[in-house]
Amino acid sequence: MAEIPKGYLPAEVEEDWYRRWVEAGCFHADASSSREGYSIAIPPPNVTGILTLGHVLNNTIQDILARRARMQGKEVLWLPGTDHAGIATQAKVEAHLRKTEKKTRHDLGREDFIERAWQWKNKHGNIIIKQLKRLGCSCDWERERFTMDHDYSSQVQETFVALFNAGLIYRGKRMVNWCPGSLTALSDEEVIMKPRKSKLYYMRYELVDSPGEYLEIATTRPETLMGDTGVAVNPKDPRYGKLLGRSAWRPFPRKEIPIVADEHIDPEFGTGVLKVTPAHDKADFDIGQRHGLEIVDVFNPDATLNANAGEEFEGMDRFEAREKAVEKLESLGLLVRVEDYENNVGYSERADVPVEPRISMQWFLRYPQVQGAIAAVESDAIRFIPERWKKTYLHWMENIQDWCISRQLWWGHRIPVWYRKGKAEALQNAESLDAETAGGDLHVGHQPPDDPENWVQDPDVLDTWFSSWLWPFATMDDPTRKRFYPTTDLVTGPDIIFFWVARMIMAGLQFTGHNPFANVFFTGIIRDIKGLKMSKSLGNSPDPLDLIDKYGADGLRFGIMRIAPTGQDIRYDETQIEEGRNFANKLWNAARYRQMQGAGSSDLQSSISDLPSDSLSIYALDILSKLDALEKNIAEAYARYRFNEIAQLLYDFFWSEFCDLFLESVKIHFREDADPGARESALRVFDVILSRYLLQLHPYMPHISEELWEKLGCGANPPFLMQTQLRTDSVLDGMPADRLAEASQRAGALYQAASQLRNLKAEYNLAASKAVRFLLEPAEEWVADETDTLCLLAGAAGIELARGAADAPAGKAPAAITPLGKFHMPLDGLIDVEAEHARLGKELQKVEAELKKVTAKLENEKFTSRAPAEVVEEMRQRMESWNRRRDQLGEMIDGLG
RNA sequence: GCGCGAUUAGCUCAGGGGUAGAGCACAUGCUUCACACGCAUGGGGUCGUUGGUUCAAAUCCAACAUCGCGCACCA
C-alpha cells in the first residue's frame with residue numbers, strides 16, 4: 001500500500017488515470033469478442049462547440065452506463081464523434097473572416113471558403129473532444145467519427161439518392177421558413193416561437209367603386225402591405241357580404257386589389273378583414289392559391305425591401321420599413337389607430353433573428369417509415385424513459401410534415417444532383433422536378449457524372465440533421481455494425497426529440513430494417529438558479545472546465561448526477577458540485593484511515609466467508625447487511641435509470657452508514673491495546689466493504705475509485721478497477737438471517753442510544769470531547785458486552801451497570817430513555833432542576849402527541865376492523881412503546897420534585 | 001386553444017396510502033490522533049387551494065390557482 005496524502009487532489013490523479021486507461025485500451029470495443037454486446041452512440045456535439053453543463057450531464061450518464069455495463073462483463077462500445085453543424089460553423093467561420101480579413105465568403109469563393117472551414121474545424125474542432133476526455137468519458141476514440149468524414153459523407157449521399165429514386169425526395173417551390181441572418185431556408189423545427197410585444201395597426205383601404213368609403217384592416221406587419229394582392233373577409237360575416245366581388249385600393253404602390261371570401265378569416269379578430277400578402281405569410285399564401293391572387297415578393301433574401309415595394313422603400317431594412325409604412329399611412333390619413341399587442345414571432349434557432357416566410361425552390365423529403373416509427377415507440381420496442389415523452393413523440397409523428405432538407409450554405413454535404421449545362425437554370429426554376437420530367441438532363445447519383453464539364457451541381461447542401469439521422473449505423477464499419485448495431489441505449493435531451501430521435505428511428509427502419517436503439521433516456525435540461533435555460537448569450541452558463549479545475553471531474557460528475565432527477569429540469573447550483581468534491585475528499589480520507597492501520601493479513605478481494613463467523617461484531621454484520629442492501633438497491637435503480645437515486649444511495653451509505661457509524665464503532669479495535677483477533681476481523685470487514693463499495697462507485701467517480709483501488713492494493717488482476725467484474729454473490733452468503741437481523745437490531749439500538757447520550761451531554765453544555773460517566777439500568781443483557789463501543793461513540797469515560805432499581809443513582813441526575821435502557825448522567829455539580837424539567841417536559845409533550853394519534857386510530861372501530869392486521873398490530877406496538885416512554889418520563893419528572 | 005410537467009424546511013431537491021427526508025444555509029459547541037472539503041448537537045414544514053375516494057391522503061382522483069415547457073395559432 002502506498003501512502004495516501006491528507007487531502008484529495010483530483011488534478012494529480014485524474015489525467016494520469018485517463019492516460020493509463022487509454023494506453024491500456026480499456027475503452028476499445030472488440031468486435032470479435034464473444035461477450036454480450038452493449039453499445040451507445042454519442043449524441044454528436046457540434047464540432048466547433050465547447051462543453052456545456054448539458055453535455056456534462058448527458059455524457060456522464062452515458063459514461064456511467066458504459067462503465068457499469070463493462071463491469072457486468074459486457075463488450076461495450078461507446079461510439080464518439082461530432083457533427084459539422086452547418087449553420088453554426090459556417091457562421092463562425094464567416095464572422096472570423098469578416099473580423100480578420102474584412103471579407104465575405106463570396107470574396108473567397110466556395111472552394112476556398114470550404115477550405116477555410118476545414119482549417120477552422122481542425123483548429124477548434126477537437127476542443128469539445130478534449131473536454132469530454134477531461135470529464136473521464138470512456139469512449140472508444142479509435143472509432144471517433146465526424147459527419148463529414150469521407151465514408152460518412154458517402155453514406156449521406158447514397159441516402160439522398162436512394163430516397164430520391166424512391167420518389168420520397170422532391171423539389172418544389174414552397175413557402176418555407178427563411179432565415180435572413182444566415183440566408184438559408186430552415187426546417188419547421190428550427191423556428192422558435194417567441195412571444196413579442198408588438199403593435200396592431202388599424203388602417204383603411206378605400207373601395208374602388210365607392211370613393212370615400214373605406215375598409216378597416218388590422219395588421220401587425222404594415223411593411224408587407226406593398227405586397228398585398230387582395231383583401232379577404234369571412235363569407236359568413238354579415239357585415240361584409242356586400243363587399244364580395246368588389247375591390248379596394250392598395251394605398252402604395254397604389255393598385256386595385258380584389259376582395260375575396262375565405263373561411264380562414266376569423267370575424268372576431270381585429271376588424272374581420274385581412275390584408276392578403278401571399279408572398280410573405282403562409283396562411284396568406286394558401287388564401288392566394290385558393291383565389292388565384294398574384295404573388296408579389298417585396299423582400300430581398302436578407303429581408304431588406306426590394307424594388308417591388310416602391311422606390312422609397314427599396315434597400316430599407318424590414319423594421320425600418322415598418323416605421324416608414326406607418327408614417328406614410330398616417331400622412332395619407334389612412335392610419336386609424338395603433339394598439340399594443342402581444343403575438344408570437346418565429347425566430348431562427350441559430351441566428352436568433354425573426355424568420356421570414358418566403359417562397360423558394362427547395363428540396364423536401366416525405367418521411368419514410370412513419371407508421372413503423374410510430375409502432376416502434378407505441379409498442380415499447382423502443383422504450384422511452386421517462387415514458388411521458390412518448391406522447392410528445394407520437395403527436396409529432398402523427399402530424400408529420402415534409403422536411404425541407406436543402407440549405408443555402410456551403411459548409412455541409414452538397415446535394416448530389418447535377419443539371420445539364422444550359423438547362424440548369426430552367427430546371428432549377430421549375431415548379432417541381434423529378435427524374436421523369438427532367439429526362440436526361442438531370443443526374444442524381446453518389447458519383448458525379450462522367451462528363452462533369454457538361455454539368456452544373458446543385459449549389460445547396462443538406463440540413464445537418466439529414467446526416468445525423470444516420471448516426472447510429474453510419475458511424476460503424478461492417479464488423480462493428482454486425483456486433484454492436486442496433487445500439488442499446490440512447491441518452492439525449494428532450495429538446496431534440498423531433499430533430500434527431502424521431503428521424504433516427506425512421507432512418508434506422510428504412511436503411512437497416514432495425515430500430516436504431518432499444519432505450520432512449522431523456523435527461524432534464526439544466527437551468528440556472530433562477531430557472532432560466534443556460535445559454536452563452538445570457539452568460540449564465542459556467543464553463544465545466546473551470547468547475548473541473550475547482551472541484552475535480554469526479555466531483556463535478558457526482559454533484560451533477562445527484563441533482564439530476566429523471567426527466568425533470570435541473571436547477572443548477574454550484575454548491576451541489578462542491579458537495580461532490582467534499583464527498584470525494586471524504587472517500588479519500590476514509591481510505592487514508594484504513595491505510596494508516598497497516599496491511600491486514602489477506603488481500604482485499606477475499607470475502608468474509610473465511611473468517612470465523614463468530615468473530616464478526618454486530619457492527620460488522622450491520623454494515624455488511626447495509627452493503628448487501630446497497631448493492632441490491634443500486635441494481636434496481638439502474639434498471640429504472642434512476643441515476644440520482646443511485647448517487648444518493650452511494651452517498652448515504654458511505655457517509656452516514658460507513659463513516660459515521662461503522663468506522664467510528666471499530667476504532668477501538670485499532671488502538672494499541674486492542675485484541676489482535678478483533679482487529680484482524682475489523683480490518684477484513686473494512687476491506688471487504690471498501691473494495692465492494694469501490695466497484696459500485698466506479699461508474700460515478702471513475703478516477704478516485706481507480707486511484708483508491710490501486711492505493712489500497714485491491715487490483716492485482718486485472719490491473720484496473722474499471723475492468724474488474726462486479727461481484728454477483730452476496731457479501732452475506734451463508735450468514736443465517738436471524739443472526740443478521742439480531743445484529744442489525746442491536747447495532748441500531750446502540751447507535752441510537754449513543755446519539756441520545758450525545759444529545760444529553762449537549763443539553764448540559766458538555767463538549768462532545770468531555771468524557772462523562774453514565775449509569776445504565778440495562779434493558780437488555782447483551783449491552784454489557786458493548787459498553788466500550790458505546791463509550792467511544794457517546795464520548796463517555798465509562799458506563800456503569802446498575803443491578804436493578806435499588807442501584808439507582810444517589811441524588812438527582814439527568815437521564816435518557818434509550819432502546820438500551822435508562823441512562824443516568826450523574827453530574828459533579830447540582831442538577832439544574834428547572835432546565836431538566838423543561839427538557840423532559842418538552843419530550844413528554846412530543847410523546848403525548850404521538851400517543852394521541854395512535855390511540856385515536858386504535859379506538860376507531862373501522863380502523864381495527866378494516867385495516868390490514870399487521871398495520872393494526874404495528875399501531876398496538878407503537879402505542880405500547882409510547883406508553884412506556886410516557887410513564888418513564890413521568891417518573892423522571894416526579895423524581896425531580 | 002391542445003398536451004406535458006412542477007408546486008414538500010430560508011434555498012436546491014428526494015420521497016410517496018399507515019411515525020415528514022437529504023444537502024446547503026442558520027444557531028451552538030468542538031485545533032476528539034481519516035477528513036474544518038470535517039465532527040457533534042439543535043431550531044425550522046398544517047407537503048399550492050378546494051372537493052372526492054379510503055379505516056387512513058402530503059401521497060390516489062377531479063377541479064382550480066400559480067410557474068415552466070412543447071405543439072398549434074387570429075392577421
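Numbers restart at 1 for each chain; the letters A, B, ... are given by sequence-line order, proteins then strands.
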Exercise for review: Side chain of A:R866 only, please: which of B:rC55, B:rA75, B:rA20 is the nearest?
Suggested key: B:rC55
Review point. How would you label the contact of A:M193 with the nucleic acid (heavy atoms, under 4.0 Å): base, sugar-phosphate, or nothing?
Key: base
**Study point:** Pairwise side-chain contact, A:L587 with A:L697, heavy-atom cut-off 4.5 Å (strictly under)
**Key:** yes
Review point. Using a cut-off of 4.0 Å on non-hydrogen atoms, how would the nucleic acid contact of A:K667 be classed: base, sugar-phosphate, or nothing?
Key: base
**Study point:** Distance in angstrom units between A:D286 CG and B:rC74 P, rounded
**Key:** 10 Å
Review point. With a non-hydrogen cut-off below 4.0 angstrom, is A:N343 in contact with a base, only sugar-phosphate, or nothing?
Key: sugar-phosphate
Review point. Does any donor-acceptor pair link the side chain of A:N344 with the base of B:rC73 at a separation under 3.5 Å?
Key: yes
**Study point:** Ring centroid separation A:Y393 to A:F498 under 6.0 Å
**Key:** no
Check your understanding: Heavy atoms under 4.0 Å, any strand shown: does A:F670 hit a base, just sugar-phosphate, or nothing?
Key -> nothing
Practice item. Would you mind reading off the distance between A:R878 atom CZ and B:rA56 atom C1', rounded to a whole angstrom? Key: 12 Å
Review point. A:D188 CG to B:rC73 C1': how many Å, rounded?
Key: 14 Å
**Study point:** Between B:rC73 and B:rG1 - P atom distance, rounded Å
**Key:** 16 Å
Revision key, fill the gap. With the side chain defined as heavy atoms from C-beta on, A:H395 is closest, among B:rC35, B:rC71, B:rG18, to B:rC71
Practice item. Taking atom C1' in both B:rG29 and B:rA14, compute the distance separating them and give it to the nearest angstrom. Key: 30 Å
Review point. Between B:rA14, B:rA75, B:rA20, which one does the side chain of A:K853 approach most closely?
Key: B:rA20
Review point. Below 4.5 Å, heavy atoms only, C-beta onward: do A:E342 and A:S198 meet side chain to side chain?
Key: no
Review point. Hey, does A:L663 reach any base, or is it just sugar-phosphate, or nothing, if we go heavy atoms under 4.0 Å?
Key: base
Check your understanding: Among B:rC35, B:rC13, B:rU19, which nucleotide sits nearest the side chain of A:N585?
Key -> B:rC35
Point to revise | P gap between B:rA57 and B:rG48, integer Å | key: 16 Å
Review point. Atom CZ of A:R594 to atom P of B:rA34: distance rounded to whole Å?
Key: 14 Å
Review point. What is the nucleic acid contact for A:P494, judged by heavy atoms within less than 4.0 Å: base, sugar-phosphate only, or nothing?
Key: nothing
Check your understanding: Looking at side-chain heavy atoms only, is the closest gap between A:V298 and A:T277 below 4.5 Å?
Key -> no
Can you pull every protein N or O that's under 3.5 Å from an N or O on nucleotides 39-43 of chain B?
from: B:rC39; atom 1: OP1; to: A:K586; atom 2: NZ; distance (Å): 2.7
from: B:rC39; atom 1: OP1; to: A:W655; atom 2: NE1; distance (Å): 2.7
from: B:rA40; atom 1: O3'; to: A:R758; atom 2: NE; distance (Å): 3.0
from: B:rU41; atom 1: OP1; to: A:R758; atom 2: NE; distance (Å): 3.1
from: B:rU41; atom 1: OP1; to: A:R758; atom 2: NH2; distance (Å): 3.0
from: B:rU41; atom 1: O3'; to: A:N759; atom 2: ND2; distance (Å): 3.2
from: B:rG42; atom 1: OP1; to: A:N759; atom 2: ND2; distance (Å): 3.0

Point to revise | Assigned partner base of B:rG51, Watson-Crick or wobble definition, under 3.5 Å | key: B:rC61
**Study point:** Along RNA chain B (nearest heavy atom to each residue), the more 5'-positioned of A:P868 and A:T271
**Key:** A:P868
Check your understanding: When all nucleic acid strands are considered with a 4.0 Å heavy-atom cut-off, which category describes A:N860: base, sugar-phosphate, or nothing?
Key -> sugar-phosphate
**Study point:** Pairing partner (Watson-Crick or G-U wobble, both distances under 3.5 angstrom) of B:rU19
**Key:** none
Practice item. Look at A:R571 and B:rU12 and indicate whether a side-chain polar atom (N or O) is within less than 4.0 Å of OP1 or OP2. Key: yes
**Study point:** Separation of atom CZ in A:F522 from atom P in B:rC4, rounded to whole Å
**Key:** 17 Å
Exercise for review: Please examine the side chains of A:I217 and A:L274, heavy atoms only from C-beta on, and report whether any two atoms are closer than 4.5 Å.
Suggested key: no
Review point. Closest to the A:K862 side chain: B:rC55, B:rG18, B:rA75?
Key: B:rC55
Review point. So which nucleotide does B:rC2 pair with, by the Watson-Crick or G-U wobble rule with both distances under 3.5 Å?
Key: B:rG70
Check your understanding: Any side-chain heavy-atom pair from A:I295 and A:T229 closer than 4.5 angstrom?
Key -> no
Check your understanding: Nearest of B:rA34, B:rA75, B:rC55 to any side-chain atom of A:H264?
Key -> B:rA75
Exercise for review: Can you figure out which of B:rA34, B:rU19, B:rC71 approaches the side chain of A:M596 most closely?
Suggested key: B:rA34
Point to revise | Proximity to the side chain of A:I265 - top-ranked nucleotide from B:rC73, B:rA75, B:rG15 | key: B:rA75
Exercise for review: Quickly work out the A:I192 CD1 to B:rC69 P distance and round it to whole Å.
Suggested key: 12 Å
Check your understanding: Which residue lies toward the 5' end of RNA chain B, A:E578 or A:A218, if each is placed at its nearest nucleotide?
Key -> A:E578
Check your understanding: If we call it a pair only when both distances are under 3.5 Å in a Watson-Crick or G-U wobble match, what pairs with B:rG43?
Key -> none
Review point. Can you tell if the side chain of A:T818 reaches within under 4.5 Å of the side chain of A:Q752, non-hydrogen atoms only?
Key: no
Study note, to complete from the structure: Scanning all shown strands, the Watson-Crick or wobble mate of B:rA56 with both distances under 3.5 Å is none
Exercise for review: Quote, to the nearest angstrom, the C1' distance that separates B:rC67 from B:rU49.
Suggested key: 15 Å
Point to revise | Nearest heavy-atom neighbours spanning A:E378 and A:K390 | key: O-NZ, 3.4 Å
Can you check nucleotides 21-23 of chain B for protein contacts, nitrogen or oxygen pairs under 3.5 Å, and list what you find?
from: B:rG23; atom 1: O3'; to: A:E579; atom 2: OE1; distance (Å): 3.3
from: B:rG23; atom 1: O2'; to: A:E579; atom 2: OE1; distance (Å): 2.9

Check your understanding: Is the cationic atom of A:R562 (NZ for Lys, CZ for Arg) positioned less than 6.0 Å from the six-membered ring centroid of A:Y651 and within 45 degrees of its normal?
Key -> yes
Review point. Within a strict 4.5 Å, meaning less than it, do heavy atoms of the A:M203 and A:V336 side chains meet?
Key: no
Review point. Are the aromatic rings of A:F558 and A:F583 close, with centres under 6.0 Å apart?
Key: yes
Practice item. Please determine if A:K626 forms a cation-pi arrangement with A:F658, meaning its NZ or CZ atom is less than 6.0 Å from the six-membered ring centre and no more than 45° off the ring axis. Key: no
Exercise for review: State the pairing partner of B:rG10; accept Watson-Crick or G-U wobble contacts with both distances under 3.5 Å, and report none otherwise.
Suggested key: B:rC24
Review point. Can you check whether A:Y764 reaches A:M825 side chain to side chain, under 4.5 Å on heavy atoms?
Key: yes
**Study point:** Complement of B:rC33, any strand, by Watson-Crick or G-U distances under 3.5 angstrom
**Key:** none
Practice item. For nucleotides B:rA63 and B:rG21, find the distance between their P atoms and express it as a whole number of Å. Key: 32 Å
Check your understanding: Using purine N1 to pyrimidine N3 plus N6-O4 or O6-N4 for Watson-Crick, or N1-O2 and O6-N3 for G-U wobble, each under 3.5 Å, what pairs with B:rA75?
Key -> none
